[in-house]
Amino acid sequence: MQPETPRNLDQEIRPPVTHIGIIGWIRENLFDGWLNTLLTLLIVYFLSRVIPPLFRWMFIDSVWVGSPQECRQATGACWSIITANLRFILFGFYPYNQQWRPLAAMLMLFGLLSLSRDRNRWSKRLGYAWLFGLLAMGFLMKGGFFGLSEVESSKWGGLPLTLLLSVFGLTAAYPLGILLALGRRSKMPMIKALCVVYIELIRGVPLISLLFMGSIIFPLFLPEGITINKILRAQVAIILFTAAYIAEVVRGGLQGMSRGQYEAAESIGLNYYLTMRLVILPQALKIVIPPTVSILISAFKDTSLVVIIALFDLLKTTQSVLSNPEWMGFSKEAYIFIALLYFLGCFSMANYSRKLEKELSIGR
Amino acid sequence: MNQSSRTPEGRNPEKEVMIEIVGMHKWFGEFHVLKGIDLTVEKRERIVICGPSGSGKSTLIRCINRLEEHQRGKIVMDGIELINNLKNIERVRQEVGMVFQHFNLFPHLDILDNLTLGPIWVRKTPKKEAEDLAMHVLEKVHIAEQARKYPGQLSGGQQQRVAIARSLCMNPKVMLFDEPTSALDPEMIKEVLDVMIELAREGMTMIVVTHEMGFAKSVAHRVLFMDYGQIVEENTPDEFFKNPRYERTKLFLSQILH
Ligand SMILES: Nc1ncnc2c1ncn2[C@@H]1O[C@H](COP(=O)(O)OP(=O)(O)OP(=O)(O)O)[C@@H](O)[C@H]1O
Ligand SMILES: [Mg+2]
């Protein structure tokens, strides 16, 4: 006891040891009642049966670098399917000796993303950095200048393609979805009808059929001689599809706003545009962060559907490796690897949204 | 019922007119809410409106800054007629401050940002200047030390004073109050009324819907009594409370005074 401790603190009694610390936690959470105790024991038994063999398969008996033959003799995982084919899985048919270009583009993208994580850094300059960065990435990929050989977009594939489809898909779908949600609540009947029809039509159709429509039917309507790049068509389909779902989520947020907020904004003279931008949307969008991020995450994963129109995204390049007779049969390892990549993408989105929610909830 | 030509005693007939409402009707769908309102408010005049629930008090003052649209008659605000013209409506809203029963502060902005939103975006005041103005007004409503808090962190009385300050930052010519104290706990009512009394002392033109009869007596030039969408009676506070002329007014006063 320190001498200056106030008297009333002297009388405070520490809780019994069995209620605090690790022992307390274990008692309270794992062995609290017979049902809980039974469940805990069952789960411990189950884990003890599953974890060690899995660990052995993944890390001890596994082959990290080696030929397919070595793999077939080993009893563990054959990670060498990844290490031996990594560049094809990541970059697809992009010319082998030029693959530093998509790599550089991806690094730029990750750099920009991590710079933008902190909202305090959001500024005009960062906006320009993005604009410049995206252009630079496009030039890097496409080439055809400064001595860089031109690479047709039909050769683009793997992770850069997946990232391209999702980054543009999500960033374009979000504002479009907001506009659609505002349109659906508009007092102007034509705009409202247009938005309702759009949203309901798109939501009534699976993404796969939109992708097919984009790649097969849409070109039929174009005048002869004009072709639109296949990636662009898939991109547009993804944007249009995702925007419809975002719109409905945002509309839910808008409906949650009280009339008083609109009236207060109007009564200090804000017009419709400013009312939305400064008062309504910041609140409504914040409320709907969790469902919005769900949509963005599923849109990210849905980009893998572009395999059906023969684009070589990450999933398709992996499958191509598996169809190579040498590596046939190691699909477990390959799918675990790309599952991991997708998980990293989705998890960082979920993580970011939680961080954002926390930051935005100050003072409430 | 037509009282537009009456000049209540004690006021100089040469004073300028601030708000003129002539033969104004308002319907909600089929429902006739306001049935021929005639009201002239002069500059620096302070009016208290009372009346039973559903009589149309809120609707009347909401028509004055066009939160509701009237269907017949006219409303002229400082020379600008309120018609279906976005420019006019925006100009009127900039000149009329409104304080709501439920404060309606913007919960995602801190107090200072609540106050500077209008000046910066509507009046195009530079940020620094707007913040100086906001701090000055916050001092006037005795709440400057809370400038960086969020509305959710303040008590009801403090929030309502912030709401008043937010309107004042737009430098309005008229302030409308719709039952500003009726959502407050009794101990907070006084702090809000005190701010309103100070405002009155400075010569603000005010229309206040309230049942705070003490406030009406000490501040109002005229008290209006509304019932069934009409202004039934209007008089100076003294006369209004001492000698109500109509049965309905007497009944109402006997109800709220006990
Ligand atoms: N948006 C609306 N749509 C339809 N009817 C409405 C609407 N707003 C108000 N009313 C009706 O109009 C009448 C007058 O309402 P108003 O809010 O002006 O009354 P009030 O005198 O302010 O009453 P209170 O003292 O309860 O606030 C009421 O009968 C109310 O039900
Ligand atoms: Mg009311």
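In what follows, every chain begins at residue 1, and chains take the letters A, B, ... in the order their sequences are listed.
Each of B/Q101, B/Q94, B/R62, B/R91 has some count of heavy-atom pairs under 4.5 Å with chain A, and the biggest count is that of B/R62. Among the candidates B/V99, B/L67, B/N65, the residue making the largest number of heavy-atom pairs closer than 4.5 Å to chain A is B/L67. The candidate from B/V122, B/L105, B/V92 with the greatest count of non-hydrogen atom pairs under 4.5 Å with chain A is B/V122. Heavy-atom pairs under 4.5 Å with chain B were tallied for A/A264, A/P282, A/G269, A/A265; the largest tally goes to A/A264. Ranked by non-hydrogen atom pairs under 4.5 Å with chain A, the options B/M170, B/R93, B/R123 are led by B/R93.
Within a 6.0 Å sphere centred on OH of A/Y273, heavy atoms belonging to other residues, nucleotides or ligands number 12 at most. Within a 6.0 Å sphere centred on NZ of A/K192, other residues, nucleotides and ligands contribute 12 heavy atoms or fewer. No more than 12 heavy atoms of other residues, nucleotides or ligands lie within 6.0 Å of CZ in A/F132, so this atom counts as exposed by the packing criterion.
In the model, B/D178 has a side-chain atom that pairs as donor or acceptor with a side-chain atom of B/S58 under 3.5 Å.
Contacts of B/F100 with chain A are made by side-chain atoms alone, with heavy-atom separations under 4.5 Å and no backbone atom involved. With a 4.5 angstrom heavy-atom cutoff, A/L270 touches chain B via backbone and side-chain atoms both.
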Practice item. Begin from the C-alpha positions of B/T59 and B/E68 and carry the test side-chain hydrogen bond (donor to acceptor under 3.5 Å, both in side chains) through to its verdict. Key: CA-CA 7 Å; B/T59 310; B/E68 304 286 358; 5.9 Å; no
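Ring pair A/Y245/A/F241 is tilted by interplanar angle, where 30° to 60° counts as tilted.
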